[in-house]
Amino acid sequence: MSSVKIECVVNENCKIGESPVWEEKESSLIYVDISGKKICRWNSFTKEVQSVSVEAPVSCVALRKSGDYVVTLGARFAALKWKDQSVTTIVHVDKDKPNNRFNDGKVDPAGRFFAGTMAEEIRPAVLERHQGALYTLFPDHSVVKHFDQVDISNGLDWSLDHKTFFYIDSLSYSVDAFDYDLQTGKISNRRSMYKLEKEESIPDGMCIDTEGKLWVACYDGGRVIRLDPETGKRIQTVKLPVDKTTSCCFGGKDYSEMYVTSACQGMDDESFSRQPQAGGIFKITGLGVKGVPPHSFAG
């Protein structure tokens with residue numbers, strides 16, 4: 001087993017750091033601070049962080065084939081032009097639920113943008129239940145709602161053969177699998193693939209490696225866990241120096257580095273003194289596996 005090394009590469013206290021995406025052409029990590037209302041980009045060469053501030057909670061960011069980015073802002077899918085620092089709405093969802101906002105999202109292998117919603121939290125992981133839904137934004141900007149009754153729509157990814165969609169509704173404490181039709185973007189046959197142990201706490205963001213294994217960030221669990229979707233077993237745990245780990249992705253020039261976002265919202269002074277890097281971005285090396293480059297939205 002190679003020796004795992006963890007370092008804090010962005011020691012800025014994001015309120016809720018989320019949605020890390022490696023942008024190869026910029027050698028940069030792009031991510032969001034949801035309640036800090038900003039999209040950030042960390043350059044791995046200069047170590048500099050640039051950011052774009054927005055007027056609503058911004059919960060995830062994805063690359064766009066035509067350049068720039070798509071984001072979920074409040075309850076809207078939107079386009080972000082980095083240089084102009086401008087955001088334009090593509091489509092608004094959950095209009096009948098003004099208390100809702102988007103949470104995690106990711107682009108599928110065909111260039112569709114999947115993202116889900118949740119009710120605004122009263123405090124971390126405390127909210128009105130069953131208010132969210134899972135949506136897809138298609139390249140022609142049409143939107144499909146897959147299902148509702150979601151608590152906290154969270155981590156998502158696709159198997160290497162693109163036949164399975166993995167999804168987390170955090171308060172179910174489960175990583176679920178669906179059959180996936182890449183031609184149509186339809187999902188079916190939902191089942192639980194892994195139930196989290198008590199000390200793992202709340203499943204949050206997720207990514208897949210080139211061996212087809214899933215990595216899940218455990219909010220309040222201070223770790224990422226590696227799961228085998230074939231057996232439904234946990235095969236590795238990597239503990240971090242902060243409890244509120246929120247999401248993970250692979251990056252670096254050969255996708256052998258893992259980047260993990262974290263949060264500090266809701267922490268008191270005592271917790272902060274124990275975990276001064278809470279809300280930082282961490283780089284994990286020496287895992288001995290590589291990740292899959294992110295897909296770009298085709299619209």
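Shown here are the side chain to side chain contact (heavy atoms under 4.5 Å, CB included) partners of E270, two or more places apart in sequence or in another chain: D268, R274. Evaluation of the side chain to side chain donor-acceptor pair (under 3.5 Å) rule for S27 yields no partner, not counting sequence neighbours. In this structure H295 satisfies the ring pair (Phe, Tyr, Trp, His ring centres under 6.0 Å) test with no other residue, sequence neighbours excluded. Take S262 and apply the side chain to side chain contact (heavy atoms under 4.5 Å, CB included) test, not counting sequence neighbours, and it matches V242, F282. Applying the side chain to side chain donor-acceptor pair (under 3.5 Å) rule to K25 yields the partners E23; only residues at least two apart in sequence or on another chain are considered. Contacts of E12 classified as side chain to side chain donor-acceptor pair (under 3.5 Å), with partners at least two apart in sequence or in another chain: none. Residues meeting the side chain to side chain contact (heavy atoms under 4.5 Å, CB included) test with E48, sequence neighbours left out: T46. Here F147 pairs with Y167, F178 under the ring pair (Phe, Tyr, Trp, His ring centres under 6.0 Å) rule; sequence neighbours left out.
By the criterion of side-chain heavy atoms lying less than 4.5 angstrom apart, applied directly or through intervening Ile, Leu, Val, Met, Phe, Trp or Tyr residues, L29 is grouped together with Y255 in one hydrophobic cluster. Cluster annotation: V91 is not connected to F138 through the hydrophobic network of ILVMFWY side chains, with a link wherever side-chain heavy atoms come within less than 4.5 Å. Both V32 and V21 sit in one connected hydrophobic cluster of ILVMFWY residues. Membership requires side-chain heavy atoms under 4.5 Å apart, directly or through other members. If you chain together hydrophobic residues whose side chains sit under 4.5 Å apart, W158 and F297 never meet in one group. Y173 and L127 fall within the same hydrophobic cluster, defined by Ile, Leu, Val, Met, Phe, Trp and Tyr side-chain heavy atoms under 4.5 Å apart, directly or through other members.
Ring pair Y31/W22: centre-to-centre distance not below 6.0 Å. Taking the ring centroids of F77 and H141, they lie at or beyond the 6.0 Å cut-off.
To the nearest 0.5 Å, the span separating CD1 on I281 from OG on S247 amounts to 10.0 Å. To the nearest 0.5 Å, the span separating CD on E257 from NZ on K283 amounts to 4.5 Å. Note that CG of L171 and OG of S174 are 12.0 Å apart. Values are rounded to the nearest 0.5 Å. Rounded to the nearest 0.5 angstrom, K81 NZ and T88 OG1 are separated by 6.0 Å. Taken to the nearest 0.5 Å, the OG atom of S59 stands 5.5 Å off from the CD1 atom of I34. One finds the CD atom of E128 at 10.5 Å from the CG atom of D151 (value rounded to the nearest 0.5 Å).
The aromatic rings of F102 and Y135 lie perpendicular to each other, with more than 60° between the two planes, well past the 30° mark.
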Take K253 and E24 through the salt bridge (Lys or Arg N to Asp or Glu O under 4.0 Å) test and state the conclusion after the steps. CA-CA 7 Å; K253 64 176 189 300; E24 206 170 316; over 6 Å; no
Check step by step if salt bridge (Lys or Arg N to Asp or Glu O under 4.0 Å) holds for D176 and R190. CA-CA 7 Å; D176 291 353; R190 184 175 192 167; 2.8 Å; yes
Is there a salt bridge (Lys or Arg N to Asp or Glu O under 4.0 Å) between K38 and E18 once you walk through the steps? CA-CA 11 Å; K38 56 186 180 180; E18 261 287 3; over 6 Å; no
If you apply the rule side-chain contact (heavy atoms from CB on, under 4.5 Å), what do you find for V289 with R226, and how did you get there? CA-CA 11 Å; V289 290; R226 188 181 190 219; 3.5 Å; yes
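At least one side-chain heavy atom of E26 sits less than 4.5 Å from a side-chain heavy atom of R41. K15 has its side chain out of reach of K37: every pair of non-hydrogen atoms, C-beta onward, lies at least 4.5 Å apart. V107 places none of its side-chain heavy atoms less than 4.5 Å from the side chain of L63. Within the 4.5 Å cutoff, no side-chain heavy atoms of R129 are placed close to those of Q149. Using a 4.5 Å heavy-atom cutoff, the side chains of V52 and L80 are in contact. Counting heavy atoms from C-beta outward, F165 and D157 have side chains that stay 4.5 Å or more apart. The closest side-chain heavy-atom distance from F250 to M258 is below 4.5 Å. Between V9 and E7, some side-chain heavy-atom pair lies under the 4.5 Å cut-off.
Counted within 6.0 Å of NZ on K5, heavy atoms from surrounding residues, nucleotides or ligands total 12 or fewer; the atom is thus considered open. Summarising the local packing, NZ of K195 is surrounded by more than 12 heavy atoms from other residues, nucleotides or ligands at distances under 6.0 Å. In this structure, K95 places its NZ atom where only 12 or fewer heavy-atom neighbours from other residues, nucleotides or ligands lie under 6.0 Å away. At most 12 heavy atoms of other shown residues, nucleotides or ligands fall within 6.0 angstrom of atom NZ in K290. Atom CG of N189 sits in a crowded spot, with more than 12 heavy atoms from other residues, nucleotides or ligands closer than 6.0 Å.
In this structure, the side chain of N13 engages the main chain of A278 through a donor-acceptor pair within 3.5 Å. In this structure a side-chain-to-backbone donor-acceptor pair under 3.5 Å is present from T72 to C60. A donor-acceptor pair under 3.5 Å is absent between the side-chain atoms of D84 and the main chain of S86, judged by distance alone.
Smallest separation of non-hydrogen atoms from F113 and A62: CE1-CB, 4.1 Å. Across every non-hydrogen atom of G74 and A56, the tightest pair is N-CB, 4.1 Å. A pairwise comparison of heavy atoms in C249 and C207 identifies CA-SG, 3.9 Å as the closest pair. The shortest heavy-atom contact between Q131 and N100 is O-ND2, 2.8 Å. The minimum heavy-atom distance linking G266 with P124 is given by the pair CA-CG, 4.3 Å. Across all their heavy atoms, D33 and I16 have their closest contact at OD1-N, 2.9 Å.
Considering D104, D204, T261 as possible partners of T246, the one that fulfils the side chain to side chain donor-acceptor pair (under 3.5 Å) test is T261.
Sorted by first and then second residue, the pairs that involve residues 32-62 and meet ring pair (Phe, Tyr, Trp, His ring centres under 6.0 Å), not counting sequence neighbours, are W42-Y259. Applying the side chain to side chain donor-acceptor pair (under 3.5 Å) test to pairs two or more places apart or on separate chains, those with a residue in residues 112-126 are D94-T117, R101-E120, D108-R112, R112-Y180. The stretch residues 215-225 participates, sequence neighbours left out, in these side chain to side chain donor-acceptor pair (under 3.5 Å) pairs: D209-W215, Y219-K244, D220-K244.
For the 3.5 Å distance criterion, the side chains of N103 and S153 fail to qualify, holding no donor opposite an acceptor. A donor-acceptor contact closer than 3.5 angstrom links the side chains of R76 and T89.
Apart from I208 itself, the hydrophobic cluster it occupies contains L160, F166, I168, V175, M193, Y194, L196, M206, L214, V216, I225, L227, V292, where clustering links Ile, Leu, Val, Met, Phe, Trp and Tyr at side-chain heavy-atom distances under 4.5 Å.
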